[in-house]
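This is a predicted model, so every value here is computed, not measured. Chain A is the first sequence line, chain B the second, and so forth, proteins listed ahead of strands; every chain is numbered from 1.
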Amino acid sequence: MVIAFYVLSFLAIFSAIMVVTSARPIVSGLYLLLCFVAVAGLYVTLSAPFVAAMQLIVYSGAIIVLILFVIMLLNQHTELDKKRSKWVTGLSTLAAIVIGWGVYFTFISSKIVMAHDKMSPIGGMKGNVEQLADVLFSRYFVPFEIISILLIAAMISAVFISKKRL
Amino acid sequence: MMAKLLTPEVFMIVKVVAVFIIVLTMVAIGTWVERRGAAFIQDRVGPNRVALFGKFRIMGLTQPVADGIKFFFKEDVIPDNVDRILFVIAPIIAFIPATMTFAAIPFGRPFDVNGVNYFLSILPPATNIGVLYILAIGSMGVYGIIIGSWASNNKWSILGGMRASAQVISYELAMTMAVVGVVLSTGSLQLDEVISAQTGLWNVVPQFLGALVFFVAMFAETNRLPFDLAEGESEIIGYHTEYGSMKFSMFALAEYANMITAAALFVTLYLGGWHFPWLDQWIWGSILAFLMKLIFILWIFVWVRWTLPRFRYDQLMRLGWKVMIPLSLVNMVVVAIFLAYRG
């Protein structure tokens, strides 16, 4: 399990870096796919097969296919040189650092990490489909529904923007 | 004597080897059945010449062996302007998920020997994501097509790959929502529970709509006629235009392996898996029942391919989004209402 963890996290980080650095958009897309598959593998080692399957179905199976579809539709074999002001670059770097630090800090101070020595990595989440459903439809019911409405709104606006004449 | 040799480890190895060999053998025989079936439907003779050791003709059943030898010894051409790495790994990426998905299918009745429970599927049924495993790994299969088509650096290949990706995404939605109906009525994602819930009444009767949607989506997911726009066999302007020899063969093998897994999943979800009146009392009988159903569905694949013409691309999309997805939603809602009122 430890070896699997190191191999998978190496793959995930390596491919995440390659997404940013590789010159061709479609290769970036494929590295993103590799990254998602590696993350799904990490979920399996954490004995959360349901989350892993969802990761594969939603992200690897649908979203990356769409991204690659759009890249192939535009038929961009190489990335164009961008003229971007230093202001934007600096500002986005700063924003990325702040957001990353925020995520890291929230994660470190969360209850999950506090209790990590009490959990076993294997078999700690038996029947996590039921647990997930219980939590989703009782405690987090309202946020869950609001997210659904947000998604529908986003979908309708996407259709509205792409259709010039309705 | 057999009982002494039977330990869970030995049984596992036997299962893995047997399933791999049987699936790949079925793939090989499938190509032969396809060609002979096509000939039968179109009132021709088909490949019947190849004879084992030059003597035993057995209706040309050794044709796949000849094909395999030909594919192995053909010159492996890599065109000049392709992306070499992606061009080489694309067939492998197509092939691996195709051979992985069958692992979750229970193909026979589980049994107890000396207090140890033996299950007849490679993955243990208790992994509790059963159906999702197949859907998740199965959704990786399209990348072989996309990568292959893009790496070929050929506009016809890219067109084929784009059609494949749009088609697979559209029909995957309908297929998954049809499966949700089965998962709802079973109350579990595990395929062995799906099968045992179908004792007496196969899901195809109460969930006819879902079965219909799944059945149609199955053809689209495996890129078979009437939805073979990714391949376009009669014009060969599909994703594997630039491929030859064993690389082409791996795409073909992946297609047939996907077909077998899709058919097996249909049998498991809607046709009662290894259930069959009287026959499923014995272990071998249950395996036989499963194989019989599987072969019947595979024959339907061949039958449909040589009977129906191809859909036009806009018709395919309209069917997917405006007919199949609403039908699968109707199926899901009907099953949910039925379950809620029955308690």
Work out which heavy atom in Ser60(A) is nearest to a heavy atom in Met140(B); give both atom names and the distance. CB-CE, 3.1 Å

Give the minimum heavy-atom separation between Leu132(B) and Ala53(A), together with the two atoms involved. CB-CB, 3.8 Å

So for atom [atom1], which belongs to [X], do other residues, nucleotides or ligands contribute more than 12 heavy atoms lying within a distance under 6.0 Å?
| X | atom1 | answer |
| --- | --- | --- |
| Tyr59(A) | OH | no |
| Tyr313(B) | OH | yes |
| Leu151(A) | CG | yes |
| Ile63(A) | CD1 | yes |

Between Val37(A) and chain B, which part of the residue has a heavy atom less than 4.5 Å away: side chain, backbone, both or neither? side chain

Quick check on Leu33(A) against chain B: is it the side chain, the backbone, both or neither that has a heavy atom closer than 4.5 Å? side chain

Checking Leu189(B) against Phe50(A) for the side chain to side chain contact (heavy atoms under 4.5 Å, CB included) test, could you report, in this order, the C-alpha distance in whole Å, the side-chain angles of both residues, the deciding distance, and whether it holds? CA-CA 10 Å; Leu189(B) 291 167; Phe50(A) 179 73; 4.3 Å; yes

Answer whether the closest heavy-atom distance between the side chains of Val65(A) and Tyr143(B) falls below 4.5 Å. yes

Side chain / backbone / both / neither for [X] at chain A, heavy atoms under 4.5 Å:
| X | answer |
| --- | --- |
| Leu135(B) | both |
| Met162(B) | both |
| Ser149(B) | side chain |
| Leu86(B) | side chain |

Return the [atom1] to [atom2] distance between [X] and [Y], rounded to the nearest 0.5 Å.
| X | Y | atom1 | atom2 | value |
| --- | --- | --- | --- | --- |
| Ile146(B) | Met72(A) | CD1 | CE | 5.0 Å |
| Ile169(B) | Phe69(A) | CD1 | CZ | 8.5 Å |
| Ile26(A) | Ile158(B) | CD1 | CD1 | 7.0 Å |

Out of the candidates Leu68(A), Val27(A), Leu30(A), only one should pair with Ile147(B) under the side chain to side chain contact (heavy atoms under 4.5 Å, CB included) rule; please name it. Leu30(A)

Output the option from Ala164(B), Gly141(B), Ser139(B), Gly138(B) having the highest count of non-hydrogen pairs under 4.5 Å with chain A. Ser139(B)

